[in-house]
Each structure stands twice: as structure tokens, then as C-alpha cells.
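Naming convention: chains lettered A, B, ... in sequence-line order (proteins, then strands); numbering from 1 in each chain. Predicted, not measured: the structure shown is a model, and the values here were computed from it.
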Protein chains: 2
Amino acid sequence: MATTLRDIAKEAGVSICTVSRVLNNPKAIQVRDETRRRVLGAAQRLSYRPNIMARGLVKKRTNLIGVVVPSLTNSFLSETVQGIQDIAEELSCSVLLYTHRYNPAKEAEYLQVLRDKGVDGIIWMPMFESNIPLALELEKEIPIVQIHTAFKSLTSPYVTAEHEKGAYLATEHLIKLGHHRVAHFGLSDDIHGKLRHLGYMRALTEYQIPYDPQLVFEAGYDWHNGYAAAQELLKLPADLRPTAVFCCGDMTAWGAVESFKKAGLAVPEEMAVVGFDDLAIAAWMEVPLTTIALPKADTGRVAMAKLDEKIRTGETESVCLDVRLVIRESSQSSRVSNMLSQVQTG
Amino acid sequence: MATTLRDIAKEAGVSICTVSRVLNNPKAIQVRDETRRRVLGAAQRLSYRPNIMARGLVKKRTNLIGVVVPSLTNSFLSETVQGIQDIAEELSCSVLLYTHRYNPAKEAEYLQVLRDKGVDGIIWMPMFESNIPLALELEKEIPIVQIHTAFKSLTSPYVTAEHEKGAYLATEHLIKLGHHRVAHFGLSDDIHGKLRHLGYMRALTEYQIPYDPQLVFEAGYDWHNGYAAAQELLKLPADLRPTAVFCCGDMTAWGAVESFKKAGLAVPEEMAVVGFDDLAIAAWMEVPLTTIALPKADTGRVAMAKLDEKIRTGETESVCLDVRLVIRESSQSSRVSNMLSQVQTG
DNA sequence: TTGAAAGCGCTAACAG
DNA sequence: CTGTTAGCGCTTTCAA
């Protein structure tokens with residue numbers, strides 16, 4: 001059986017409460033040195049470890065936070081979770097992790113389970129509007145921070161990123177490279193997809209390039225989606241074919257690149273491709289991928305810090321983190337990029 | 001404030017203990033129907049949710065398990081964790097996740113924290129021998145299941161996979177394809193690396209191919225390692241150059257393939273490549289990668305099931321899960337593979 | 001069929 | 001400086 005305060009008290013010949021005092025106030029003033037030494041010695045000898053549940057029961061604080069995300073089999077989210085963990089550790093707080101795999105009922109269930117477990121707070125990537133009522137209920141009882149996306153009808157703070165701006169930067173980059181027919185592979189029924197599409201549109205507008213709906217292809221975030229969309233694109237008559245495509249994600253872009261290569265199109269010479277996310281693979285592709293770097297781990301880190309603030313002070317601000325255009329070779333030949341970098345450094 | 005048993009008791013006009021009885025024994029015999037109804041009604045009305053910590057305190061059971069792995073930014077491990085979660089959910093048990101990022105001190109710390117938190121059991125991917133003494137101590141107090149690799153000096157059961165056999169199958173596959181000079185990119189100071197190297201050696205021996213140390217290159221599991229090892233390999237004089245290489249991981253293989261392509265070598269025609277792991281990317285590469293499929297999610301699922309068994313019965317067996325050769329195009333041209341499949345189906 | 005009472009291990013006033 | 005007391009929310013004998 002684990003040793004308890006009582007055991008130490010007996011061993012040290014003091015009261016339980018004195019033991020508690022010694023153990024909790026690292027530099028306590030209110031304990032005689034001699035006593036302190038005895039207690040510490042006994043604790044050491046009996047290799048005492050506090051019972052977190054008992055402590056939690058009385059302090060109403062578990063040092064446990066819950067995380068609810070759709071999945072981990074997605075390097076994007078796993079990096080975010082990693083970021084959460086990093087800060088959680090600094091705050092010596094543990095992470096209870098739940099992945100609902102895009103199942104609305106599970107998302108709801110996990111949120112509730114987390115509340116029941118008595119976690120101090122929840123970091124949540126909201127996916128289903130159907131769970132808004134539940135979330136409204138929960139956020140009254142427990143601090144919540146939304147990540148990556150946010151239901152604005154909740155009062156809980158969020159940590160997101162400039163998706164729209166990222167899409168704008170990506171598209172602008174292609175336009176500045178001289179492309180006039182820029183396609184977009186993306187999703188129209190998804191929050192991030194919509195924002196990225198919006199950024200794409202804004203760039204076209206600002207650079208006075210007419211919007212051609214034929215150049216927008218529905219495609220999700222998987223490799224296969226990109227591959228398929230590229231196949232569709234290649235069916236366009238030669239004179240309508242775009243010379244560049246902005247993809248909603250790096251995996252999509254990768255699939256597209258493979259598809260283009262298979263069709264005999266050189267990337268970037270005959271088809272420039274830009275992705276979104278800046279996953280590790282972007283740098284490893286045969287033609288390294290130009291993309292938009294999203295704050296993956298940072299989102300997690302900031303969210304955890306905000307949650308902590310919210311738990312302690314009851315308040316915290318939302319933030320929208322910045323994104324960055326990462327220029328590699330899939331959008332331009334290295335000759336061009338060398339010229340560009342000379343211009344920049346010159 | 002959350003509603004407690006006391007609130008319900010008052011609302012229903014019964015004792016706290018009766019409430020507890022009703023709520024815990026779904027089909028209890030020992031409560032009058034009328035009473036049961038009143039209690040259930042009150043619980044409903046007050047939207048009661050049990051306080052897990054209080055319950056845990058008295059039952060000495062938290063329905064919490066701990067998972068300690070090196071990292072999540074690794075699709076291999078994130079799939080395993082996903083597998084653990086799947087079964088954990090069925091057992092309605094939550095997962096406390098810790099990633100130590102290959103830091104021995106943290107691994108030790110997390111293991112202890114987990115014990116302190118009062119988790120019912122731990123699933124652990126052991127990484128550092130320096131933590132064996134601690135583990136020996138811990139396994140006396142709390143059920144532990146090792147995954148992916150195992151310290152045999154612990155009595156804790158493990159769930160691993162046939163790495164040696166996988167390496168054997170990969171190498172054998174290349175040999176059967178007619179390759180006589182098969183290189184190996186791998187790690188010599190890592191458990192999995194050693195096993196894979198062993199399997200490679202065994203295949204050579206069984207097929208009476210002399211072992212040439214010049215063909216073994218030290219390379220870790222990252223893309224860059226494969227890329228670098230391939231560069232080294234290409235420095236060999238033409239007559240010594242191997243025609244095939246078995247890599248210790250899919251990322252390594254990917255890096256190698258890119259390196260070969262950049263050097264003008266066609267894969268698989270001039271250089272056959274086989275990986276290990278069967279990550280999602282293996283199927284997406286320009287030349288889909290032949291590889292060894294490891295039970296990633298299954299390892300997690302089985303481990304969680306075993307841990308549960310161990311928690312409940314005190315005993316459970318170790319297992320070594322099987323692996324599978326997945327033949328794609330990086331090891332053989334599609335003509336050959338077509339011929340092969342005809343042979344198989346004919 | 002129900003309730004009273006003890007206690008899980010810990011913290012936190014309040015006295016001494 | 002230290003001990004006494006009460007209680008967190010729940011389960012669980014043991015009686016009634």
C-alpha cells in the first residue's frame with residue numbers, strides 16, 4: 001500500500017497536518033527546522049507520493065486538462081497536441097486526450113466525460129455545430145479554449161490562425177510569379193476550406209484577375225483528393241488550362257504534383273503548385289513544396305498558456321496567429337528563385 | 001456548483017446511500033421501484049454527474065490509464081496511440097498521455113507522475129535502459145504493458161512485432177527478385193535497428209549470399225538519414241555498387257529514393273528499394289514503396305486490451321504480432337509484378 | 001428495502 | 001510553531 005500522510009506523521013512523531021504543511025510549503029516559515037527535517041526524512045524513507053485524487057477532492061483542482069480533437073493520425077494535430085503537452089508540462093499539469101474521429105456524438109460524449117473527470121479546463125477543436133448547445137452549457141462550468149477554429153457564438157476564447165491571409169499570400173505569390181490562370185483545389189463545406197477559398201478570391205480580386213469558376217475544384221485534405229482534382233483539371237481544353245494551382249493542404253498538393261508528373265507535366269515549369277500547412281513532408285518531396293506555414297505547435301502552446309490563464313484569472317483573450325509563406329521549388333524554378341533571393345539580399 | 005449525492009437525496013427525500021445504490025446498480029434488486037423512480041427523477045432534474053475523484057478515492061480505481069511514448073510527431077506512434085484510445089473508450093477508461101521526446105529523465109519523471117496520479121495501469125514504450133531500475137520498482141505497484149519493444153528483465157508483459165522476420169522478408173523479397181548485392185540502411189545502436197539488421201543477415205545467410213560490410217550503411221529513421229546514406233552508397237565504385245537496398249524505415253527509404261533519382265538512377269529498374277513500417281506515405285510516393293507492414297494501431301489495441309486484463313486478473317501474456325510484406329513498385333517494375341501476379345493467380 | 005456511520009487521503013480554518 | 005477538527009463526495013459494511 002502506498003504511504004500516506006498518516007504513516008509519515010507516525011514515523012516522524014508529529015501530526016498529520018504538520019506533515020502536510022512541511023510537504024506543501026517548500027520554504028515554509030511556520031515550521032521548526034528540526035520538525036521539518038524529521039518529516040522530510042520520514043517522507044523520504046517511506047518514499048511518500050501524494051495521492052492526487054484525495055488532494056483534488058478537497059482543492060477542487062486536478063491539474064488535469066482535457067483535449068478533444070478529431071484525430072492524431074494527422075501530423076497537423078499531433079504537432080498541436082505536442083505543443084499543448086510542452087506547456088502543460090511546464091505548468092505541471094497532465095493531459096487527458098480524446099480523439100473523436102469526426103464523430104459528432106463522440107465529440108459530445110468526450111466533452112462531458114472530461115467535465116465529469118473534473119479536469120480544470122478543456123482545449124477543444126470544435127468540429128460540429130450540433131454540439132454548440134452542449135458547449136454553451138459546459139463553458140459556464142469549466143474554462144474552455146477553442147483551437148484551430150472557433151464557434152463565435154461561444155464566449156470561450158480561441159487560438160486560430162490567419163487562414164484567409166495564408167490563402168491570399170499563396171495566391172498572390174503565384175500571381176506575382178506571372179500566373180494569370182490560377183486554379184484552386186479546396187473544400188467548400190469546411191471552415192478552413194471556406195477561409196482559404198476566400199483568401200484565394202481576394203488575391204484574384206486585388207490583382208484584377210477575373211474569377212473563373214472552372215478553375216476551382218472541390219478537393220479535401222488527403223493525397224487522393226489532390227490526385228483526383230488534378231486529373232479533373234487536366235481534362236480542361238489546353239487553352240483553358242491553368243498554369244498554377246493553389247491547394248488547400250500539403251497532402252492535396254502532393255497528390256496533385258504526382259498526378260501532374262504522371263501526366264508528363266513538369267512542376268513547376270509547366271505547372272506551379274503551392275500547398276498549405278507546411279507539413280514536414282513538404283520539404284521532402286522530390287520537388288520541395290512551396291506552402292503556407294501554419295503555427296501548428298504554437299497553436300497548442302498558446303492555447304495551453306491561455307487555458308492556464310483562464311483557469312487562474314477567469315479571463316483571457318482570443319488570438320489569431322500569423323502565417324508565413326515558405327517559398328520552395330514547386331512554385332518556381334530554382335533559377336527564378338535564385339534571382340529573387342538575389343534581389344532580396346541585394 | 002455541481003450537484004452531489006446529497007442534493008439528490010434531499011430532493012428525493014431519501015438517504016445519500018440509497019441514491020448511491022440506485023445510481024450504481026442499474027438493475028438493482030435491493031431498492032423499491034417507487035424509490036428508484038424518485039431518485040432517478042431527481043438525478044435527472046439536477047443533471048447529476050458523479051465526481052470521479054471522490055469515487056476514485058474510495059474505490060482506489062480511477063479508470064485512468066497512462067501512456068508514455070517518445071513522441072507523437074511520428075505517424076507510427078500516433079496510430080498506436082489512436083489504437084489505444086479506441087479500446088480505452090470501449091472500456092470507458094481515459095488516457096493520460098505523456099511524450100518525453102527521447103529524454104530519459106522525462107521518461108522517468110512521467111512514469112512516476114503517472115503512478116502518483118493513481119492511474120490503474122501504464123502502457124509504455126521503453127526507450128532507455130537507465131530507467132529499468134525505476135520500472136522494476138513501479139511494476140510492483142502498478143500494472144504495466146510494454147509496447148513496440150521490451151526490456152526482458154522486467155516481468156511486465158509486452159506487445160511487440162516480428163521486426164526480425166520483417167527484415168528477413170524484405171531482404172528475401174529482394175534476393176528472390178534476383179538481386180545479389182543488397183545493401184542495408186539502418187541503425188546499429190537501437191533495438192529495432194538491431195533486429196532489422198539481424199533479419200537482413202539471416203536472409204543473406206539462408207540464400208548463401210556473402211555478407212559484405214561495405215553494403216551496410218548507418219542510417220536512422222528520418223528522411224535525411226536515407227538521403228545521406230544513399231549519397232554514401234553512390235560513392236562506391238560501379239562494380240561494387242549494390243542493385244537493391246533494404247531500408248530500416250519508410251522515411252529512410254523515401255530519402256534514399258529521392259537521392260537515387262537525383263543521381264539519375266531509376267527506381268526500381270536500376271536500384272530496388274524496400275522500406276519498413278508501411279506508413280501512409282509509402283503508397284503515395286511517386287514510385288509506391290514496397291515495405292513491411294507493421295501492426296501500428298493493432299499494437300495499441302492489443303496493448304490496451306492486455307492492460308485491462310492485467311488490471312482485472314493480475315495476469316496476461318506477452319505477444320509478438322505478425323508483420324506482412326507489402327509489394328509495391330519500388331522493388332520491381334510493374335511488368336515483373338504483373339507477371340508475378342499472373343503466376344500467383346494462375 | 002432503507003439508513004446511519006465510518007472512512008478513503010488530503011487540506012484548511014481555528015485554536016492552543 | 002503545532003495539533004484538533006471538520007469536511008471534500010462517494011462507497012460500503014452493518015443494523016434497523
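- Scored by the ring pair (Phe, Tyr, Trp, His ring centres under 6.0 Å) test, A/Tyr158 finds no partners at all (sequence neighbours excluded).
- Between A/Lys60 and C/dT11 there is no side-chain polar atom (N or O) within less than 4.0 angstrom of OP1 or OP2.
- Separating the CG atom of B/Asn24 from the P atom of D/dT11 is a distance of 4 Å, rounded to the nearest angstrom.
- Taking atom CZ on B/Arg38 and atom C1' on C/dT1, their separation rounds to 12 Å, with Å as the unit.
- To the nearest angstrom, P of D/dC8 lies 11 Å from CG of B/Asp7.
- Screening residues 41-51 of chain A for salt bridge (Lys or Arg N to Asp or Glu O under 4.0 Å) gives A/Glu11-A/Arg45, A/Arg49-B/Asp116 as the qualifying pairs, with residues at least two apart or on separate chains.
- Applying the ring pair (Phe, Tyr, Trp, His ring centres under 6.0 Å) rule to A/Tyr110 yields the partners A/Tyr98; only residues at least two apart in sequence or on another chain are considered.
- Listed by chain and number, the residues in a ring pair (Phe, Tyr, Trp, His ring centres under 6.0 Å) with A/Phe151 amount to none (sequence neighbours excluded).
- Atom-to-atom, CG of B/Leu57 to P of D/dC8 comes out at 13 Å; the value is rounded to the nearest Å.
- Side-chain contact of B/Tyr221 with B/Asp190: a donor-acceptor pair under 3.5 Å is present, judged by distance alone.
- Using modelled atom types, no side-chain atom of B/Lys296 and backbone atom of B/Gly83 make a donor-acceptor pair closer than 3.5 Å.
- For residues 77-88 of chain A, the salt bridge (Lys or Arg N to Asp or Glu O under 4.0 Å) pairs, not counting sequence neighbours, are A/Asp86-A/Arg301, A/Asp86-B/Arg101.
- Looking at residues 41-56 of chain B, you'll see B/Tyr48, B/Pro50, B/Asn51, B/Ala54, B/Arg55 sit with a heavy atom under 4.0 Å from some atom of DNA chain D.
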Between the protein and nucleotides 3-7 of chain D, list every N/O to N/O distance that falls short of 3.5 Å.
from, atom 1, to, atom 2, distance (Å)
D/dG3, OP2, A/Ser15, N, 3.0
D/dG3, OP2, A/Ser15, OG, 3.3
D/dG3, OP2, A/Thr18, OG1, 2.6
D/dG3, O6, A/Arg21, NH2, 2.3

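- Under the salt bridge (charged side-chain N to carboxylate O under 4.0 Å, His left out) criterion, A/Lys106 pairs with B/Glu89, not counting sequence neighbours.
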Side-chain donor-acceptor pairs under 3.5 Å in residues 124-141 of chain A, sequence neighbours left out?
from, atom 1, to, atom 2, distance (Å)
A/Trp124, NE1, A/Glu107, OE2, 2.9
A/Asn131, ND2, A/Pro104, O, 3.1
A/Asn131, ND2, A/Glu107, OE1, 2.8
A/Glu137, OE2, A/Lys140, NZ, 3.4
A/Glu139, OE1, A/Thr155, N, 3.2
A/Glu139, OE1, A/Ser156, N, 3.0
A/Glu139, OE1, A/Ser156, OG, 2.5
A/Glu139, OE2, A/Thr155, N, 3.0
A/Glu139, OE2, A/Thr155, OG1, 3.1
A/Glu141, OE1, A/Arg115, NH1, 3.0
A/Glu141, OE2, A/Arg115, NH1, 2.9

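- In this structure, A/Ser20 does not reach the C/dC10 phosphate: none of its side-chain N or O atoms is under 4.0 Å from OP1 or OP2.
- The salt bridge (charged side-chain N to carboxylate O under 4.0 Å, His left out) check on B/Glu315 picks up nothing, with sequence neighbours excluded.
- As rounded to whole Å, 13 Å separates atom C1' of C/dG9 from atom CG of A/Leu23.
- For A/Phe76, the ring pair (Phe, Tyr, Trp, His ring centres under 6.0 Å) test picks out A/His148, with sequence neighbours left out.
- One atom, CG of B/Leu5, and another, P of C/dG7, lie 20 Å apart when rounded to the nearest Å.
- Rounded to 10°, the helix from C/dT1-D/dA16 to C/dG16-D/dC1 has 40° between the axis fitted to its first five pairs and the one fitted to its last five.
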